[in-house]
2 protein chains.
Amino acid sequence: MVTINDVAKAAQVSTATVSRVVNNGPKVGAKTRQRVLDVMEQLGYRPNANARALASQRSTTLGVVIPELTDPFFASLANGVEVVARNNGMQLLLSTGLQSAETERQAIQLLIEQRCEALVVHSKKLDDATLLEFASQVPGLILIDRYIPAIKNRCIWLDNMEGGRIAARYLLSLQHTQIACINSLHEIDDPRLRQEGFEQILSESGHPLSDQLTVRNEPTLKGGELAAQQLLARDTPFSCVFAYNDAMAIGAISVFEDNGFKVPGDISVVGFDDVLISRYSRPKLTTLHYPIQEMAESAATLALQFNGSESTESTKCKYIPTLVKRESVSPEQA
Amino acid sequence: MVTINDVAKAAQVSTATVSRVVNNGPKVGAKTRQRVLDVMEQLGYRPNANARALASQRSTTLGVVIPELTDPFFASLANGVEVVARNNGMQLLLSTGLQSAETERQAIQLLIEQRCEALVVHSKKLDDATLLEFASQVPGLILIDRYIPAIKNRCIWLDNMEGGRIAARYLLSLQHTQIACINSLHEIDDPRLRQEGFEQILSESGHPLSDQLTVRNEPTLKGGELAAQQLLARDTPFSCVFAYNDAMAIGAISVFEDNGFKVPGDISVVGFDDVLISRYSRPKLTTLHYPIQEMAESAATLALQFNGSESTESTKCKYIPTLVKRESVSPEQA
DNA sequence: ACCATAAGGGAAAGCGCTTACATTTTAACC
DNA sequence: GGTTAAAATGTAAGCGCTTTCCCTTATGGT
């Protein structure tokens with residue numbers, strides 16, 4: 001590969017001047033600049049980002065850790081970070097955590113080794129202590145979808161509990177009283193918090209959530225199908241269900257319909273996340289919008305400025321999901 | 001950040017020795033190694049990947065260029081590359097091309113500047129000449145979903161025409177004769193080739209594709225809906241449609257059903273790509289499986305070995321889509 | 001004991017840049 | 001034309017590593 005030296009020689013200037021041209025720095029005469037530019041073009045010069053990063057002590061990469069790329073939810077998250085990277089002329093370095101603490105740790109470490117300018121981390125498996133440790137080592141590290149009080153201004157998270165409340169209020173407002181809940185069985189905060197908020201409102205309304213109508217399963221399409229079957233097998237009537245996420249909701253809907261229940265006619269279903277498929281499904285899914293891309297963008301922006309100055313405490317950290325009414329919920333018509 | 005020098009000093013060895021330990025190199029005694037390891041641990045040493053890349057002239061990053069992250073198809077592609085990266089202890093550097101020639105070019109250039117060890121590029125907008133130019137500059141550059149004869153062993157592509165043929169044969173085998181086609185209006189090869197293969201078989205069978213039953217639109221859910229409406233408005237009866245991709249297929253299905261046609265009862269629909277949503281849709285979509293993740297893995301592997309030695313011509317470059325029969329197609333029952 | 005040999009470890013020269021500082025050129029003014 | 005300040009360019013010291021030699025010790029054979 002042609003180096004800055006080759007360019008310097010060919011253009012009969014010092015490497016310093018070439019460097020200035022490359023970085024659009026000042027203090028370069030118009031003629032010289034043009035000559036250097038021409039030589040660069042002609043030689044096909046591509047500055048070595050590694051050397052640049054090393055010499056300048058700053059890099060043009062933005063790192064992001066997500067569990068997996070193929071989940072549309074995380075793809076949106078990565079996308080949000082990518083948008084910010086692009087807007088700042090940076091590159092996206094992506095590592096997947098694959099749902100295991102050890103891979104999550106490795107992913108973060110690798111990104112640190114790459115000396116990313118900033119890091120947006122989605123970690124559910126690593127414990128607070130480990131994350132705090134990383135955060136203390138890396139200034140531009142921001143956690144997304146996670147809340148750790150000690151570094152609360154470096155966390156961007158969704159108010160899951162409020163999400164549960166919103167769903168509950170909505171269902172109650174439509175006169176539903178026999179309410180079911182399909183939750184994830186993963187041992188993370190989200191399922192717990194969503195259900196907690198949900199139950200809270202139901203209890204307050206005098207229609208507490210019945211254990212009979214609460215089931216857990218994998219937070220996937222398949223898991224939703226199984227959960228729906230369990231629910232049906234309980235033989236306790238219900239007119240609506242609050243699902244942990246859109247995938248489970250859609251899985252559940254297909255089982256309900258296969259069993260002769262119309263959605264939303266006989267059973268209303270509300271999902272969570274509002275990922276793309278909720279718009280593709282039939283009926284289109286009523287769900288809680290999780291503004292993940294927006295959150296990711298804000299996380300990345302925050303990460304970038306955190307790295308620079310420690311100021312600007314103004315960023316919004318807590319996001320509230322919003323209800324998106326589509327076609328999978330109707331008033332109770334008993 | 002603590003550097004190799006700090007470690008060397010603390011462990012009372014030279015940086016060369018530390019380097020050897022880090023790289024698991026030979027020529028370092030067991031005791032020394034352990035001492036260095038301890039110091040590294042204690043100081044929280046993280047080798048600087050940029051410096052490493054610079055000094056060793058090889059990097060641990062694998063670059064990938066895709067149009068966008070949020071499209072599940074491309075997410076799978078990126079995922080395939082990520083898998084290979086992970087298996088080789090490397091990192092994924094991702095750039096999106098955003099469907100424009102200029103951004104595609106920039107994306108590639110940026111990755112070159114990062115000195116990725118290998119590059120998997122999905123480009124539809126850049127012309128052959130530009131791509132050839134890049135390919136000649138970067139040994140480890142592989143094109144995916146694209147075929148350029150001059151560098152055919154560095155291309156991994158799908159036989160779109162054969163895909164069209166397979167769809168056509170299948171539909172014909174079910175006695176369909178009034179056949180429609182919903183295609184993408186993008187000016188790239190894929191739509192053209194798929195339709196070409198499709199038409200070829202139909203013509204051979206004596207039931208050539210009618211212009212009346214061919215419509216084009218954006219290759220999206222919305223585009224599929226619009227296309228279906230156009231088709232319906234044509235007032236020419238048809239019993240099945242071959243859609244450009246799953247999104248269009250699903251969009252079309254919803255319009256058909258909204259207009260009182262049962263799928264597959266009245267109208268059969270076959271999609272293309274077999275992305276996740278095709279399994280979430282109702283009815284589940286019969287479609288042509290595009291083994292994009294597998295192709296991406298193979299592309300990344302190829303890219304990596306190309307970079308090393310120029311040998312191993314054995315890689316499979318052409319992939320054939322396979323028919324996945326699900327629920328959106330039934331025999332003609334006229 | 002003696003020397004050959006191998007094994008462990010160090011010195012130092014880069015890798016391709018950036019950048020503070022020094023130097024030269026140019027332009028501007030009286 | 002001479003003086004200066006400003007503008008343009010060059011010099012060179014790193015950035016944090018890797019890696020080639022080279023040197024110092026053990027080791028073992030005789």
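Protein chains get the first letters and strands the later ones, always in sequence-line order, with residue 1 at the start of each.
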| task | Would you mind telling me which of D:dC17, D:dT19, C:dT18 lies closest to the side-chain atoms of B:Ser56? | result | D:dT19
| request: Using atom CG of B:Asn50 as one end and atom C1' of D:dG14 as the other, report the distance to the nearest whole Å. | output: 16 Å
| request: Check every strand shown and say whether B:Val13 touches a base, only sugar-phosphate, or nothing at a heavy-atom separation below 4.0 Å. | output: sugar-phosphate
| Between A:Arg58 (CZ) and C:dC17 (P), how many Å, whole number? | 15 Å
| Looking for any heavy atom pair under 4.0 Å, which part of the strands does A:Pro47 touch: base, sugar-phosphate only, or nothing? | sugar-phosphate
| task | Rounded to the nearest angstrom, tell me the gap between atom CZ in B:Arg52 and atom P in C:dG14. | result | 22 Å
| message | Mind checking if A:Val22 touches a base, just sugar-phosphate, or nothing, with heavy atoms under 4.0 Å? | response | nothing
| Can a donor-acceptor pair be found between the side chains of B:Ser100 and B:Thr103 at a distance below 3.5 Å? | yes
| Cut-off 3.5 Å, side chains only: do A:Gln34 and A:Asp38 have a donor facing an acceptor? | yes
| When you check the phosphate oxygens OP1 and OP2 of C:dC15, does a side-chain N or O of A:Thr3 lie under 4.0 Å from one of them? | no
| request: Using a strict 4.0 Å threshold on nitrogen-to-oxygen distance, state whether B:Lys124 and B:Asp189 make a salt bridge. | output: no
| message | Within the 4.0 Å heavy-atom criterion, would you say A:Gln12 contacts the bases, only the backbone, or no part of the nucleic acid? | response | sugar-phosphate
| For atom CG of A:Leu43 and atom P of C:dG16, their distance in whole Å | 14 Å
| query | Choosing from D:dG10, D:dT20, D:dC17, which nucleotide comes nearest the side chain of A:Arg20? | reply | D:dG10
| remark: Per nearest nucleotide of DNA chain C, the residue lying toward the 5' end, B:Gly29 or B:Ala51, is B:Gly29
| task | Would you classify A:Ser19 as touching base, sugar-phosphate or nothing, given that sugar-phosphate means primed atoms plus P, OP1 and OP2, and contacts are heavy atoms under 4.0 Å? | result | base
| query | Is A:Arg33 touching bases, backbone alone, or none of the nucleic acid, heavy atoms closer than 4.0 Å? | reply | nothing
| said: I'd like to know if the side chain of B:Asp127 pairs up with that of B:Thr130 as donor and acceptor (distance under 3.5 Å, no hydrogens or angles considered). | reply: yes
| said: Using the side-chain heavy atoms of A:Gln57, tell me which of these nucleotides is nearest: D:dG16, C:dC17, C:dC15. | reply: D:dG16
| message | What's the closest nucleotide to the side chain of A:Tyr45 if the choices are C:dC17, C:dG9, D:dT19? | response | C:dC17
| query | Of the candidate nucleotides C:dC17, C:dA12, D:dT11, which contains the atom at the shortest distance from the side chain of A:Ala16? | reply | D:dT11
| task | Return the value, rounded to whole Å, for the distance between atom NZ of B:Lys9 and atom C1' of C:dG10. | result | 15 Å
| field | From D:dC17, C:dT18, D:dT11, nucleotide with atom closest to A:Ile4 side chain | value | C:dT18
| Under 30°, 30 to 60°, or over 60°: which ring-plane class applies to B:Trp157 and B:Tyr147, parallel, tilted or perpendicular? | tilted
| message | From the set C:dG10, C:dG16, D:dT11, return the single nucleotide nearest to any side-chain atom of A:Ser14. | response | D:dT11
| query | Looking only at side chains, do B:Gln114 and A:Thr60 share a donor and an acceptor under 3.5 Å apart? | reply | yes
| said: Side-chain N or O of A:Thr17 versus OP1/OP2 of D:dG10: is the shortest distance under 4.0 Å? | reply: yes
| task | From the options C:dG9, D:dT18, C:dC17, select the nucleotide whose nearest atom is closest to the side chain of B:Val28. | result | C:dG9
| task | Mind checking B:Asn23 for me? I need base, sugar-phosphate or nothing, with any heavy atom below 4.0 Å counting as a touch. | result | sugar-phosphate
| query | Within this structure, what is the CZ-to-C1' distance between B:Arg35 and C:dG9, rounded to whole angstrom? | reply | 11 Å
| Whole-Å distance between C:dA7 P and B:Lys27 NZ? | 10 Å
| Got a salt bridge between A:Lys125 and A:Glu104, using NZ or NE/NH1/NH2 to carboxylate O under 4.0 Å? | no
| Which listed nucleotide (D:dC15, D:dC17, D:dA12) is nearest to the side chain of A:Arg115? | D:dC17
| query | OP1 or OP2 of C:dG9 sitting under 4.0 Å from any side-chain N/O of B:Thr32? | reply | yes
| query | D:dT18 C1' sits how many Å from B:Asn24 CG, rounded? | reply | 15 Å
